[in-house]
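The basis for the numbers below is simple: all heavy atoms, side chains too, and nothing from hydrogens, waters or symmetry mates. Order of the sequence lines sets the chain letters (A, B, ...), proteins ahead of strands, with each chain counted from 1. This is a predicted model, so every value here is computed, not measured.
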Amino acid sequence: MHDYDLDATLNCGQAFNWRRDGDAWRGIVGGRWVELHSRAGKIIARAETPQPDWSWLEEYLQIHVPLETILAEFPTDDASLNQAVEACRGLRLLKQDPWECLASFILSSTKQIVQIRQITGLLRSRFGEQASVPIGCAEAFAFPRPEQIAERTEAELRECKMGFRAPYLLDASRKIAGGELDLNRIAGLPLVEAQEVLMQIKGVGEKIAECVLLYGYGFPTAFPVDVWVARALREFYFRGRKVDLPKLRRFASSHFGSQAGYAQQYLFHFIRTRRIQDKESGK
DNA sequence: GACCAGGACCATT
DNA sequence: AATGGTCATGGT
């Protein structure tokens, strides 16, 4: 896969279940331990036991998605977006488990990505089931299911450093475990209705709902606007002016077209990595 | 120590 | 409709 940038894809703030070890990425997908390498234009995968069928991983990584076709849907007269694509061509959107995605992004609000990794990691190791790993590898845990979270107390969840987000995660897990909310039903709904269903959960607003719809369900026009994307939109399309979130969202929905979600991810990764580089070069 | 982080919610104008 | 404060915790 010459057009698959594994580093960017696994480390661009859409998923929080990957750790780099040398040139390998290790994580849990669908409860299974897996290790990924990018080598000579190919992605090499290793699981704990031999896999007769890798379709679960191909689906997660969206291997079959033709990236060039998606990029061809981007607005052509957009220099900033073109620049973002050039900076990290090969960046992909994953197809994550909706529940894990929902729970992770409930925990994401006003948290840095390193901290989201820490919180979800604590949640796994305390409440998730231990996965089998190859000899010599660090222990790993599946993401706890809704029922496993729902039976905990708010105080127990707060011990995972999630602070005021604990009642939000508890509300989500209990609505789902209790059958009040069916995550399987969301996939077939129109975007706006799907978003409204998710926003019935306390602590889930427009942004978090769009993250779940984009990363967990693959709605191609979902366009989450966080502080970074807002920053990018204001700088690139409004000459740095103060523009409020509703206006930014309206602009995005009219400008980026049928693959707006992908465009969002390129802008997010572009402006974030640029900021990090600026800091490293002493600015 | 100040400021910020892949926000949401609620009270006040 | 639009601000503004608050929430918990840790990184830079």
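Contact of A:Y215 with B:dG6 (side chain to base): a donor-acceptor pair of N or O atoms is detected under 3.5 Å.
The distance between atom OH of A:Y168 and atom C1' of C:dA8, rounded to the nearest whole Å, is 11 Å. When the P atom of B:dG7 is taken as reference, atom CD1 of A:I208 falls 8 Å away, rounded to whole Å. Distance CD (A:E206) to C1' (B:dC9): 13 Å, rounded to an integer number of Å. Rounded to an integer number of Å, the gap from CZ of A:R249 to C1' of B:dA8 is 11 Å. Distance, A:F164 CZ to B:dC10 P: 13 Å, rounded to whole Å. Look at CD on A:Q200: it is 16 Å from C1' on B:dA8, rounded to the nearest Å. Atom CD in A:Q195 sits about 14 Å away from atom C1' in B:dG7, given to the nearest Å. Note: CZ (A:F16) to P (B:dG6) measures 9 Å, nearest angstrom.
Residues in residues 130-142 of chain A take part in these side chain to side chain donor-acceptor pair (under 3.5 Å) pairs, two or more places apart or across chains: A:Q130-A:E139.
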Table of protein N/O atoms under 3.5 Å from nucleotides 11-13 of chain B N/O atoms:
none

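Of the two residues near DNA chain B, A:G203 and A:R231, the one whose nearest nucleotide lies more 5' is A:R231. Comparing A:Q264 and A:I201 along DNA chain B, the residue whose closest nucleotide (by nearest heavy atom) sits nearer the 5' end is A:Q264.
Counting non-hydrogen atoms under 4.0 angstrom, A:R165 reaches a base of the nucleic acid. Using a 4.0 Å heavy-atom criterion, one finds that A:V225 contacts no nucleic acid atom at all. Residue contacts for A:G13: at a heavy-atom cut-off of 4.0 Å it reaches a base atom on one of the strands shown. Using a 4.0 Å heavy-atom distance criterion, A:K161 is classed as a sugar-phosphate-only contact. At a threshold of 4.0 angstrom between heavy atoms, the contacts of A:C160 with the nucleic acid are absent.
In this structure, A:Y237 has its ring center closer than 6.0 angstrom to the ring center of A:F251. Between A:F105 and A:F16, the ring centre distance stays below 6.0 Å.
The partner of C:dG4 is B:dC10, judged by Watson-Crick or G-U wobble contacts that both fall below 3.5 Å. Under the Watson-Crick or G-U wobble criterion, with both distances below 3.5 Å, C:dT12 is paired with B:dA2.
When only modelled atom types and interatomic distance are considered, A:N11 and A:W25 share no side-chain donor-acceptor pair under 3.5 Å. Of the N and O atoms on the side chains of A:Y215 and A:Q265, at least one donor lies less than 3.5 Å from an acceptor on the other residue.
Each of A:V133, A:L36, A:D21, A:V34 was scored for a side chain to side chain contact (heavy atoms under 4.5 Å, CB included) with A:R26, with one residue passing: A:D21. Tested against A:R145, the residues A:E129, A:E151, A:E100 include a single salt bridge (charged side-chain N to carboxylate O under 4.0 Å, His left out) partner, A:E129.
Spacing between B:dC4 and C:dG4 at atom P, rounded to whole Å, works out to 15 Å. If you take atom P in C:dT6 and the same atom in B:dG6, they sit 23 Å apart, rounded to whole Å.
At a non-hydrogen distance threshold of 4.0 Å, A:S108, A:S109, A:T110, A:K111, A:Q112, A:I113 from residues 107-121 of chain A come into contact with DNA chain B.
A 6.0 Å sphere centred on NZ of A:K202 holds no more than 12 heavy atoms belonging to other residues, nucleotides or ligands. Counting heavy atoms of neighbouring residues, nucleotides and ligands inside a 6.0 Å radius, atom NZ of A:K161 does not exceed 12 of them.
Note that CZ of A:F164 and CD of A:E154 are 12.0 Å apart. Values are rounded to the nearest 0.5 Å.
Taking the charged nitrogens against the carboxylate oxygens, A:E156 and A:R126 have no contact shorter than 4.0 Å, which rules out a salt bridge.
Residue ring and base: A:W228 does not count as stacked with B:dG6 (centre distance below 5.5 Å and interplanar angle below 30° not both satisfied).
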